[in-house]
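Just so you know, residue 1 is the first one in the sequence shown, and it goes up from there.
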Amino acid sequence: QVQLVESGGGLVQTGGSLRLSCTASGRTVSNLAMGWFRQAAGKDRELVGLMARGGSKPYYANSVKGRFTISRDNAKNTMYLQMNSLKPEDTAIYYCAADSVAVTTVANYWGQGTQVTVSS
C-alpha cells in the first residue's frame with residue numbers, strides 16, 4: 001500500500017511562487033509513476049504534469065508548461081512541484097497521484113490534496 005502526503009500549498013500573489021511536496025511511504029518513488037493533478041471549484045480534475053517510472057523527462061499540461069517543474073528526490077522519497085509565475089487561474093486543490101504503471105485520473109494512490117490560492 002502506498003500513502004502520499006502533500007504539503008506546501010498556501011496563498012500567494014499573482015506572479016509568485018510555491019513549491020509543493022509529495023512524500024510517499026510504502027514504495028520508493030523511483031518505482032512509481034507519479035503525477036500532479038488539480039481541481040478548481042466547479043471544474044473537473046485535470047492533469048498538471050507527470051513523471052514516469054524511472055524518472056524520465058516530465059510531461060506538462062500546456063497551461064503550465066514553462067512555469068511549473070516536476071522533480072523527484074529519491075533519497076527523501078519525495079516528488080516536488082515547483083510553481084513559478086503563478087496566475088489566478090492556477091487556484092485549485094492540488095493532488096499528487098501514483099501508480100505502479102501509469103498515472104491517470106484513475107490512479108491507484110492519491111494524496112489528500114493541498115489548496116493553492118493565487119490572488120490577483
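Rounding to the nearest 0.5 Å gives a distance of 11.5 Å between CE of Met34 and CG of Leu50. Note that the CD atom of Gln3 and the OG atom of Ser25 stand 4.5 Å from one another [nearest 0.5 Å]. Between Ile70 atom CD1 and Tyr59 atom OH the span is 10.5 Å, to the nearest 0.5 Å. We find the CG-OH distance between Leu20 and Tyr94 to be 7.5 Å, quoted to the nearest 0.5 Å. Summarising the geometry, atom CG belonging to Leu81 is positioned 12.0 Å from atom CZ belonging to Phe37; distances are rounded to the nearest 0.5 Å. Note: Ser120 OG to Lys87 NZ = 14.0 Å, rounded to the nearest 0.5 Å.
The minimum heavy-atom distance linking Ala24 with Leu4 is given by the pair CB-CD2, 3.7 Å. Between Ala33 and Ala102, the shortest heavy-atom contact is CB-CA, 3.9 Å. When all heavy atoms of Pro58 and Met51 are compared, the pair lying nearest together is CG-CE, 3.6 Å. When all heavy atoms are compared, the tightest approach of Leu32 to Arg53 is C-CG, 3.3 Å. Listed here is the closest heavy atom pair of Asn74 and Ser30: OD1-CB, 3.7 Å.
In this structure, the side chain of Gln1 does not engage the main chain of Gly26 through any donor-acceptor pair within 3.5 Å. A donor-acceptor pair under 3.5 Å is absent between the side-chain atoms of Gln115 and the main chain of Gly9, judged by distance alone. Of the possible polar contacts, one joining the Asp99 side chain to the Asn108 backbone as a donor-acceptor pair under 3.5 Å is found. Checked by atom type and distance alone, the side chain of Asn84 never pairs as donor or acceptor with a backbone atom of Gly15 at under 3.5 Å. The backbone N or O of Ser119 lies less than 3.5 Å from no partner atom in the side chain of Gln13, so there is not a single donor-acceptor pair.
Counted by atom type alone, Thr78 and Asp73 present zero donor-acceptor pairs between their side chains at under 3.5 Å. In this model, no donor atom of one side chain and acceptor atom of the other lie less than 3.5 Å apart for Arg19 and Tyr80. No hydrogens or angles considered: nothing links the side chains of Thr117 and Thr91 as a donor-acceptor pair under 3.5 Å.
A 4.5 Å side-chain heavy-atom check between Met79 and Val29 finds every atom pair outside the cut-off. You'll find the side chain of Met83 reaches within 4.5 Å of the side chain of Val116, heavy atoms only. The shortest side-chain heavy-atom distance between Gln82 and Ser17 falls under the 4.5 Å cut-off. Residues Thr14 and Pro88 form a side-chain contact, since some pair of their non-hydrogen atoms from C-beta on lies under 4.5 Å apart. A heavy-atom distance below 4.5 Å is not found between the side chains of Glu46 and Asp44. The side-chain heavy atoms of Arg38 and Asp90, taken from C-beta on, include a pair separated by under 4.5 Å.
Relative to the ring axis of Tyr95, Arg45 places its NZ or CZ within 45° and under 6.0 Å from the centre.
Ring pair Phe68/Trp36: centre-to-centre distance not below 6.0 Å.
Side-chain heavy atoms closer than 4.5 Å link hydrophobic residues (I, L, V, M, F, W, Y) into clusters, and following such links, possibly through other members, connects Leu47 to Ile93.
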